[in-house]
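The sequence lines fix the lettering, A, B, ..., with proteins before strands; numbering per chain opens at 1.
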2 protein chains.
Amino acid sequence: MARTTPSEPAAARLAALAALLADETRAAFCLALLDGRAWTAGELARGAGVAPSTASEHLGKLVAGGLLAEERQGRHRYLRLAGGRAAQLVEELAAYAAPGGAPPARSLRAASTAHALARGRTCYDHLAGRLGIRITEAMTTRGLLRQDTGFALTEDGLAWFGALGVPLDTASRRPLARGCLDWTERRPHLAGAAGAALCRHAMEAGWCERVGTGRAVRATPEGLRALTARLGIDPASIDGR
Amino acid sequence: MARTTPSEPAAARLAALAALLADETRAAFCLALLDGRAWTAGELARGAGVAPSTASEHLGKLVAGGLLAEERQGRHRYLRLAGGRAAQLVEELAAYAAPGGAPPARSLRAASTAHALARGRTCYDHLAGRLGIRITEAMTTRGLLRQDTGFALTEDGLAWFGALGVPLDTASRRPLARGCLDWTERRPHLAGAAGAALCRHAMEAGWCERVGTGRAVRATPEGLRALTARLGIDPASIDGR
DNA sequence: GGCACAGTTCGGCGTCCGCCGAAGAGTGCC
DNA sequence: GGCACTCTTCGGCGGACGCCGAACTGTGCC
């Protein structure tokens, strides 16, 4: 008997896309790039522990498949996620794949990086981890963000961004606010154009700074003061445990 | 040099999850189950054009991987997507994998089913296709749904559901409204608890009916009248082309 | 020009995995 | 009880794919 839709092309395309992430090395590349920054091919190869030649082939597939974008500068090949939708795809798959319980964290080094990531990190272009969740919570309780009927900024929320000096384009196709499931807190944090703008502002204003070379982010003392003043966030709820 | 996080388990889990969908036959199973109903193993095997033994192995993997749920009744094994999140995952991957241009539609039979699907279909538990998009559009222009600051019902929207006699639970963890990218219209339609409730009501009230055995759905004459009366939708914008 | 370095291409190796048919287990109908 | 049917398990086959090292290309620095 024939297939439900003859010579189904949708299944083949879905399988081809999923196959890009079905390899552990390629998956590691995409997870590393979830910090939203561009990495060189060599950095990715070292990070994943494979030979440069192997990485080169994998990166070629990921770019050809539309998941990654490349930028060549001199003898370097910089790679980043192809865009917000690609990042969202990887995020959601990673969140679904995350185990229900806490991650094991075998070594001391792994435990300390896991701790730093749980405290705060970037998730492509917005803030995640305890830091991102506390901000999202505070915005919700202050009536800047509504989560009960969906996930959207309120008029007060728009005004709050205005007062911060961060313009938001409501006419853009990209949704202003979107929930992104946090894989350490297991609750949604603010993503979308507003989440990206807030993260950019937090970095530029010195509210946060990167820790080490990875995705981990830490709120600075000024940042904690600003979050307390503007959102009523208790600094201990982010920094402490 | 070591991996960024030693013996990274996240990459392995992401790869394992993606591998479930990286096979064309398994992908076809998941797409078929996107209609939200339960199919038997044999039906899925015939639909995908593989031997029952092959299907059995694939289904075992999909269930073990947490993407599908099974229910055994007598000698039948009924399979459905494991839940809303699994459906959302498959939807988004399928939407990302969909080609930018229109699908080719080689045979006459394929063209006619593609046409029926484009007109209206279920997307797991809510309405999609032209029918779903027109409803979402109408709800937005009538102020029942806000898309400019995210994707959320308004107070008027809550009242509209109340008038319809469809209760919505705002206290649930599941978001009431969520945008789901429509792969034929390439715009978001209403998903989430409200989308599911509306779809259920439309089926029970006889506004829509299934066409054939697949995902395709058609608005009935009463349905078109109801949509015109309650949302001001022009019937020709759905049914005609 | 010459060297160091980033990245790519190629050949070969080993493994994994999807496919089938045949045989078996369990269920329902008569 | 016996038959028909659905699904599962197993063995074996073949292709696909990820890995590496070695050789090669191209860039930048001195």
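Pairs of residues two or more places apart, or lying in two chains, that qualify as salt bridge (charged side-chain N to carboxylate O under 4.0 Å, His left out) and include a residue from residues 190-217 of chain B are B:E209-B:R218.
B:L44 places its CG atom 14 Å from the P atom of D:dT6, with the value rounded to the nearest Å. If you measure from atom OH of B:Y78 to atom P of C:dT27, you get 16 Å, rounded to the nearest angstrom. In this structure, A:D23 places its CG atom 13 Å from P of C:dC16, rounding to the nearest Å. Residue A:L59 contributes atom CG, which lies 15 Å from atom P of C:dA6 at whole-angstrom precision. When rounded to the nearest whole Å, the span between CD of B:E24 and P of D:dG15 equals 18 Å.
Comparing atom distances between the B:H76 side chain and each of C:dG7, C:dC19, D:dT6 picks out D:dT6 as nearest. Which of D:dG26, C:dG18, D:dC7 sits closest to the side chain of B:R77 comes down to D:dC7. The side chain of B:R75 lies closest to C:dG28, out of C:dG28, C:dG7, D:dG18.
Under the 4.5 Å side-chain criterion, counting only non-hydrogen atoms from C-beta, B:I135 is in contact with B:L127. Side-chain contact between B:M203 and B:T122 is present, with at least one heavy-atom pair separated by less than 4.5 Å.
Interatomic distance, SG of B:C30 versus CG of B:L81, reported as 6.0 Å (0.5 Å rounding). Expressed to the nearest 0.5 Å, how far CD of B:E91 lies from OH of B:Y124 amounts to 9.5 Å.
Side-chain N/O atoms of A:R187 and A:T136 include no donor and acceptor closer than 3.5 Å.
Of all the residues in residues 61-73 of chain A, A:K61 reach under 4.0 Å from DNA chain D with at least one non-hydrogen atom.
Neither OP1 nor OP2 of C:dA6 sits under 4.0 Å from any side-chain N or O of A:T40.
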Under-3.5 Å N/O pairs linking protein and nucleotides 20-22 of chain C:
from: C:dC20; atom 1: OP2; to: B:A51; atom 2: N; distance (Å): 3.1
from: C:dC20; atom 1: OP2; to: B:T54; atom 2: OG1; distance (Å): 2.6
from: C:dG21; atom 1: O6; to: B:S53; atom 2: OG; distance (Å): 3.1

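The residues A:D125 and A:R37 are annotated as not salt-bridged, no charged nitrogen and carboxylate oxygen being separated by less than 4.0 angstrom.
Scanning both residues, B:L34 and B:A87, for their nearest heavy atoms gives CD2-O, 3.9 Å.
Taking the six-membered ring where tryptophan is involved, the planes of A:H126 and A:H189 are tilted, since the angle between them lies from 30° to 60°.
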